[in-house]
*Asks:* 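Here's a structure for you.
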Amino acid sequence: MVDINFNNTRNQKDSGPVKIVDFSRIEKKWQEKWEKKKCFEVDVNSKKKKYYVLEMYPYPSASFLHMGHVRNYTIGDVYARYKRMNGFNVLYPMGFDSFGLPAETAAKKEGIHPKKYAEASIVKITEYLKALGNSYDWSKVIASHEPDYYHWNQFFFLKLFEKGLAYRKKAPVNWCEKCQSVLANEESEGGKCWRCQSEVVTKELEQWFFKITDYADRLIDDLSKIDWPERIKVMQKNWIGKSYGTEIDFTINNEKWPIFTTRPDTIYGVTFMVISAQHPRLMELVTKEQKKEVELLLKKIKSKNEKEIEELEKEGAFTGSYAINPINNQKIPVYCGNFVVADYGCGMVMAVPAHDERDYQFAKKYKILIKVVINPDTYEFNAEKMSRAYTADGRLVNSEKFNGWSNREAIDAITEHLSKKKLGKKTVNFKLRDWLVSRQRYWGTPIPIIYCDKCGTVPVAEKNLPVLLPEKVDFKVSGNPLATIPEFLNAKCPKCGKIGRRETDTMGGFVDSSWYFLRFCDNKNKNKPFNQDSVNYWMPVDQYIGGAEHAVMHLMYARFFIKALKDMGYVKFDEPFMKLFNQGIVYKNGAKMSKSKGNVVFQTDISNKYGIDTARLFLMVVSSPDKQMEWSDQGVEGSFRIINRLIRLSEKTTKESDPRQDSKINITIKKVNESIEKFEYPKAIISIVECIDSFSEGISRKNFEIILKLISLFTPHMCEELWSKLGNKDFISLSDWPVCDEKKIDSKFEEMERNLEKAVGDIINVLRIIKDKTGKDGEKVYVYVVPFEVNNYNTDLLQKRLGKEVHVFAVNDKNKYDPEGKAGKAKPGKPGIFVE
RNA sequence: GCAGGGAUAGCCAAGCGGUCAAAGGCGACAGACUCAAAAUCUGUUGGCUUAGUGCCUUCGUAGGUUCGAUUCCUACUCCCUGCACCA
């Protein structure tokens with residue numbers, strides 16, 4: 001059986017490299033064998049140490065893979081293979097995030113049902129993923145649009161509902177006009193929809209939320225338990241936005257209105273209040289006289305889109321009401337303003353124009369009093385002459401009994417003072433909002449709730465799950481087509497049996513991805529979301545791999561979800577992903593590789609020409625996996641050559657090894673181990689290739705097998721082929737990783753090699769100088785070596801390297817040819833040289 | 001504006017106190033093989049020098065620490081990524 005044939009399929013017409021090996025046949029053959037023998041299928045095995053490698057499961061919206069995808073998945077596969085060969089019981093699954101808006105939109109556009117569309121995509125993508133040769137356990141595959149999966153979304157929804165962690169409320173929410181649906185806070189990126197980039201507007205709607213804010217503290221604190229890139233942690237911290245401050249009660253119209261501030265030290269400098277223009281109780285404060293003015297402001301704000309509001313300067317209007325500052329009973333005006341965020345803190349702020357830039361601008365514009373209460377140590381401010389707010393530290397003035405205090409100390413002191421008088425209290429505020437999970441779309445998990453006129457909001461009974469998503473719907477109607485299906489809409493109230501109205505909103509896709517990694521552990525369970533023993537064996541995910549774009553979306557939601565499940569007793573751990581790796585983006589011609597940019601190199605472009613192993617090897621060697629990289633069509637050929645050199649070496653295996661070989665091999669094993677652990681794949685590959693090249697004259701079979709194993713992480717198909725050609729009956733993918741034998745590493749050989757290289761360099765240099773001087777090529781090279789190093793300089797090897805006739809003499813050789821006495825120049829590690 | 005990450009020879013990309021004129025790849029050039037290509041192999045690829053040497057100028061820009069910096073510190077410029085009126 002000879003699969004490698006150097007002479008077949010030569011293709012002269014193709015301007016690309018000549019295809020000398022039938023890669024695609026070899027790839028297919030081994031992929032089929034792996035599948036047939038269930039090589040990568042795993043089960044719970046308490047005797048073996050587990051390792052869970054996971055890549056973020058893909059959205060099957062497109063029917064192709066490009067080099068960005070290939071890179072991403074190869075990073076994981078290399079790691080999974082490494083761990084597997086090192087004796088771990090490795091769970092490495094793959095699935096599909098198949099619910100969601102893109103499928104729905106794309107399907108609509110093409111006039112296909114989303115289900116058909118998604119399933120066709122899955123078939124296609126599966127085919128491509130399999131062609132990568134990744135060591136996925138395909139028996140664990142899941143697709144989130146299947147009732148078997150979303151059944152448990154509904155189940156968990158009910159559990160969260162029971163716990164009060166899922167609730168419905170009316171709130172100003174982000175609405176994407178194009179998607180015709182609400183968006184979570186995390187999905188509105190700078191006022192644009194994260195998916196379609198169109199304008200997001202604010203709407204007052206009743207929606208379902210998960211109470212992620214209950215977990216804000218734990219979401220911050222537990223970041224210390226996990227090994228994630230610092231920037232992702234920072235992003236999460238900033239997003240949660242914990243800030244310590246003081247809540248202070250101001251009195252307006254005899255009613256207490258609390259506000260939140262981090263600067264209670266400036267309370268004596270408060271000269272007005274500002275309530276958010278979007279505050280639900282705004283109108284309570286607006287007097288008859290001021291109504292017109294305020295309404296004008298609101299109209300003005302509404303006419304602007306998010307972007308314009310951003311650029312807008314501070315705008316406001318007097319409400320007509322006055323507040324009483326609790327610390328000194330001063331009467332101050334209450335304004336309504338566009339720069340106060342309605343749903344942070346209390347939606348109202350105390351304004352200290354002397355010491356807050358925004359307040360300063362507002363005060364200047366509306367000619368409100370500015371009162372200095374903090375001076376720096378060396379200077380005294382004059383409120384009239386200030387050109388901007390002073391926000392740094394200093395000593396208090398105009399602050400009654402706190403005069404002279406350092407403002408830092410005054411923060412606590414004033415808070416305490418207010419607390420004693422029951423006018424305020426120490427408190428903590430978060431930027432994090434509750435997670436809005438409901439979507440007004442068809443293609444998602446139906447929310448298992450029924451509204452009954454008599455009983456109110458009633459959960460569907462567990463035994464009646466799943467609430468199936470009806471397949472026959474009319475996509476021509478605008479809005480959510482579910483709302484137009486009477487059979488779906490009209491449902492019996494689980495409590496009283498009367499006909500109620502079913503919730504037609506579906507869950508956003510991030511609910512699916514918040515626990516899919518648990519389902520991989522037990523994907524066929526019909527009775528439960530998962531078997532707890534399996535999940536507690538496999539989880540948490542040891543190594544998670546995916547893009548940084550999910551820093552505050554998926555990665556935050558999944559952490560919350562797991563914490564909630566832990567509290568409800570479903571799992572025993574509280575962090576889902578112990579280590580996170582963010583792969584870098586693949587660029588081509590300076591732009592991110594993407595279909596919309598038209599700079600895509602498809603998986604098949606490369607695999608058809610060079611085989612997928614070449615693509616894998618190139619993507620892993622060209623640059624660190626965490627860095628962005630530039631795709632290079634020519635660069636690929638370099639990796640192609642490496643594989644060809646490996647094949648050639650396989651035909652030069654010998655029986656016997658020697659200490660030099662063994663030393664080099666063991667050094668390489670060591671280097672590869674260190675590099676792989678740190679995801680420094682290029683280093684690992686370079687050291688293997690160095691090893692291959694240094695034995696181009698021949699290598700012992702045993703050592704060759706070690707090289708094969710090392711590089712099999714990157715080029716698994718070719719390695720299986722060569723492995724079996726050597727007569728092995730098992731799979732190299734399942735073989736044991738080579739162990740580095742430190743005893744065999746001898747730095748003497750490294751030094752010898754270095755000296756030889758130096759000598760070669762010197763000889764070439766001499767040859768060049770002679771050529772320059774005399775115009776003649778040197779023909780014969782004489783090398784004079786100190787006696788005990790004679791064996792370090794191999795005549796044949798030198799002849800081959802130099803392409804000249806070479807003679808090696810020991811300096812004490814009486815018969816040596818040495819007309820110019822160059823032998824006298826020889827030193828240990830540095831031979832004398834004569835050329836003629 | 002704030003936070004995080006970058007800037008390395010023709011290009012891509014390692015290095016993160018000395019062994020660095022700087023790994024590896026690509027490209028280019030030269031040589032070997034060949035009738036000739038392709039493939040493969042060998043060498044050169046900052047400058048000037050030299051029988052295997054020595055010197056000079058280089059790792060975004062300008063300074064600093066150090067016996068010594070591509071590697072550490074400071075400022076600046078440019079690029080990317082995230083957040084963005086959060087009180």
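Naming convention: chains lettered A, B, ... in sequence-line order (proteins, then strands); numbering from 1 in each chain. For the numbers below, each heavy atom of this structure counts, side chains included, while hydrogens, waters and symmetry mates do not. If you're wondering where the values come from, they're calculated on a predicted model, not measured in any experiment.
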*Asks:* Is it true that A/E186 and A/W194 share a donor-acceptor pair across their side chains at a distance under 3.5 Å?
*Replies:*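 Checked: A/W194/A/E186 side chains show no N/O donor-acceptor pair below 3.5 Å.
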*Asks:* Measure from NZ or CZ of A/K242 to the centre of the six-membered ring of A/F430 and say whether it is under 6.0 Å with the direction within 45° of the ring axis.
*Replies:*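 So A/K242 doesn't make the cation-pi contact.
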*Asks:* Classify the side-chain pair A/T246/A/T415 by whether it contains a donor and acceptor separated by less than 3.5 Å.
*Replies:*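 A pair is found: one side chain offers a donor N or O, the other an acceptor, under 3.5 Å apart.
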*Asks:* Could a donor-acceptor pair under 3.5 angstrom be found where the side chain of A/K800 meets the base of B/C41?
*Replies:*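 Not at all, since no donor on one side and acceptor on the other fall under 3.5 Å apart.
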*Asks:* RNA chain B: A/V341 or A/V552, which has the more 5' nearest nucleotide?
*Replies:*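 Looking at the nearest nucleotide for each, A/V552 comes out on the 5' side.
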*Asks:* Can you tell me how far C1' in B/U61 sits from the matching atom in B/C11, rounded to whole Å?
*Replies:*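 Pairwise C1' distance, B/U61 against B/C11, rounds to 23 Å.
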*Asks:* Which pair of non-hydrogen atoms, one from A/F23 and one from A/M718, has the smallest distance, and what is that distance?
*Replies:*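 The answer is CE2-CE, 3.5 Å.
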*Asks:* Listed by chain and number, what are the side-chain hydrogen bond (donor to acceptor under 3.5 Å, both in side chains) partners of A/K771, not counting sequence neighbours?
*Replies:*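 A/K771 satisfies side-chain hydrogen bond (donor to acceptor under 3.5 Å, both in side chains) with A/D777 once adjacent residues are dropped.
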*Asks:* Base contacts versus sugar-phosphate-only contacts with protein, heavy atoms under 4.0 Å: please encode nucleotides 46-54 of chain B as B, S and - from 5' to 3'.
*Replies:* ----BBBS-
*Asks:* Just how far, in rounded Å, is C1' of B/G31 from CG of A/L767?
*Replies:*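 It is 12 Å, rounded to the nearest whole Å.
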*Asks:* Suppose you measure atom P in B/G27 against the same atom in B/C12; what distance do you get, rounded to whole Å?
*Replies:*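 That atom pair is separated by 15 Å.
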*Asks:* Please check if any side-chain donor atom of A/Y817 sits under 3.5 Å from a side-chain acceptor atom of A/E836, or the reverse.
*Replies:*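 Indeed, the side chains of A/Y817 and A/E836 share at least one donor-acceptor pair under 3.5 Å.
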*Asks:* Please enumerate all residues that pass side-chain hydrogen bond (donor to acceptor under 3.5 Å, both in side chains) together with A/S594, with sequence neighbours excluded.
*Replies:*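 A/S594 satisfies side-chain hydrogen bond (donor to acceptor under 3.5 Å, both in side chains) with A/S596 once adjacent residues are dropped.
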*Asks:* When you compare B/C72 with B/C83, how far apart are their P atoms, in angstrom units rounded to a whole number?
*Replies:*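 Per the computed distance, 29 Å lies between those P atoms.
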*Asks:* Could you tell me how far B/A84 sits from B/G17 if I compare only their C1' atoms? Round to whole Å.
*Replies:*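 One C1' to the other, the span is 39 Å.
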*Asks:* Got a salt bridge between A/K588 and A/E630, using NZ or NE/NH1/NH2 to carboxylate O under 4.0 Å?
*Replies:*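 Judged by the 4.0 Å cut-off on N to carboxylate O distance, A/K588 and A/E630 do not form a salt bridge.
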*Asks:* Could you measure between the two P atoms, the one in B/C67 and the one in B/U81, and give it in whole Å?
*Replies:*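 After rounding to an integer number of Å, I get 42 Å for this pair.
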*Asks:* How long is the line joining CZ of A/R641 and C1' of B/C41, in whole Å?
*Replies:*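 For the pair A/R641 CZ and B/C41 C1', the rounded distance is 12 Å.
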*Asks:* Please give, in whole Å, the distance from B/U81 C1' to A/K592 NZ?
*Replies:*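 Taking atom C1' of B/U81 as the reference, NZ of A/K592 is at 11 Å.
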*Asks:* Any side-chain donor-acceptor pair under 3.5 Å between A/N429 and A/S243?
*Replies:*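 Judged by distance alone, the side chains do not pair up.
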*Asks:* Using a 4.0 Å heavy-atom cut-off, does A/G638 contact any base of the nucleic acid, only the sugar-phosphate backbone, or nothing at all?
*Replies:*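 If one applies the 4.0 Å heavy-atom cut-off, A/G638 turns out to touch the sugar-phosphate alone, with no base involved.
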*Asks:* So that I can compare with my own list, what are the stems of RNA chain B, taken as at least three consecutive Watson-Crick or G-U pairs with distances under 3.5 Å?
*Replies:*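 Stems for RNA chain B, defined as runs of 3 or more consecutive pairs: B:1-7 with B:77-83, B:10-12 with B:24-26, B:27-32 with B:40-45, B:46-48 with B:54-56, B:60-64 with B:72-76.
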*Asks:* Would you list the atom pairs, donor with acceptor, under 3.5 Å between side chains in residues 617-627 of chain A and any protein atom, with sequence neighbours excluded?
*Replies:*
none

*Asks:* Is any side-chain heavy atom of A/R559 closer than 4.5 Å to a side-chain heavy atom of A/Q236?
*Replies:*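 In short, these two side chains touch, coming nearer than 4.5 Å.
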*Asks:* Could you tell me how far B/A69 sits from B/G15 if I compare only their C1' atoms? Round to whole Å.
*Replies:*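 The same atom, C1', in both gives a distance of 13 Å.
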*Asks:* Using a 4.0 Å heavy-atom cut-off, does A/V234 contact any base of the nucleic acid, only the sugar-phosphate backbone, or nothing at all?
*Replies:*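 Sugar-phosphate contact only - A/V234 comes under 4.0 Å of backbone atoms but never of a base.
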*Asks:* Atom pairs under 3.5 Å, N or O on each side, protein against nucleotides 6-15 of chain B: can you list them with distances?
*Replies:*
residue, atom, partner, partner atom, Å
B/A14, OP1, A/S624, N, 3.3
B/A14, OP1, A/S624, OG, 3.4

*Asks:* Please classify the nucleic acid contact of A/R754 as base, sugar-phosphate, or nothing, using heavy-atom distances under 4.0 Å.
*Replies:*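 The residue A/R754 makes no contact with any strand.
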*Asks:* Distance check needed: B/C83 C1' versus A/E549 CD, whole Å only.
*Replies:*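 A/E549 atom CD is separated from B/C83 atom C1' by 16 Å.
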*Asks:* Suppose you measure atom C1' in B/G6 against the same atom in B/G64; what distance do you get, rounded to whole Å?
*Replies:*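 To the nearest whole Å, 23 Å.
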*Asks:* Once you apply a heavy-atom cut-off of 4.0 Å, does A/V689 come out as touching a base, just sugar-phosphate, or nothing?
*Replies:*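 No contact.
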*Asks:* If you check the A/R231 side chain, which of B/G4, B/A3, B/U40 turns out closest?
*Replies:*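 For A/R231, the side-chain atoms sit closest to B/G4.
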*Asks:* So which one's nearest nucleotide on RNA chain B is more toward 5', A/S696 or A/T262?
*Replies:*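 The residue mapped nearer the 5' terminus is A/S696.
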*Asks:* Within the structure shown, what part of the strands sits under 4.0 Å from A/S243 by heavy-atom distance: base, sugar-phosphate, or nothing?
*Replies:*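 Result for A/S243 = sugar-phosphate.
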*Asks:* Between atom NZ in A/K771 and atom P in B/G43, what is the gap in whole Å?
*Replies:*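 From A/K771 NZ to B/G43 P: 18 Å.
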*Asks:* Round to a whole Å and report the spacing from CG of A/N582 to P of B/C80.
*Replies:*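 After rounding, the gap between these two atoms is 20 Å.
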*Asks:* Can you find a heavy atom in the side chain of A/L646 that is under 4.5 Å from one in the side chain of A/I707?
*Replies:*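 Sidechains of A/I707 and A/L646: in contact.
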*Asks:* CE of A/M348 versus C1' of B/C85: gap in Å, rounded?
*Replies:*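 Atom-to-atom, A/M348 to B/C85, this comes out as 18 Å.
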*Asks:* Can you tell me which nucleotide in B/G82, B/G24, B/C85 comes closest to the side chain of A/M235?
*Replies:*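 In terms of side-chain proximity for A/M235, the closest of B/G82, B/G24, B/C85 is B/G82.
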*Asks:* Please report the distance, rounded to the nearest Å, between NZ in A/K652 and P in B/U40.
*Replies:*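 For the pair A/K652 NZ and B/U40 P, the rounded distance is 13 Å.
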*Asks:* Are A/E187 and A/R195 ion-paired here, with the side-chain N under 4.0 Å from a carboxylate O?
*Replies:*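 No salt bridge links A/E187 with A/R195.
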*Asks:* Is the charged tip of A/R71 near the ring of A/W631: under 6.0 Å from the six-membered ring centre and within 45° of its axis?
*Replies:*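 Negative - A/R71 is either too far from the ring of A/W631 or too far off its axis.
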*Asks:* Between B/A32 and B/U71, how many Å separate the two C1' atoms, rounded to a whole number?
*Replies:*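 B/A32 and B/U71 have their C1' atoms separated by 41 Å.
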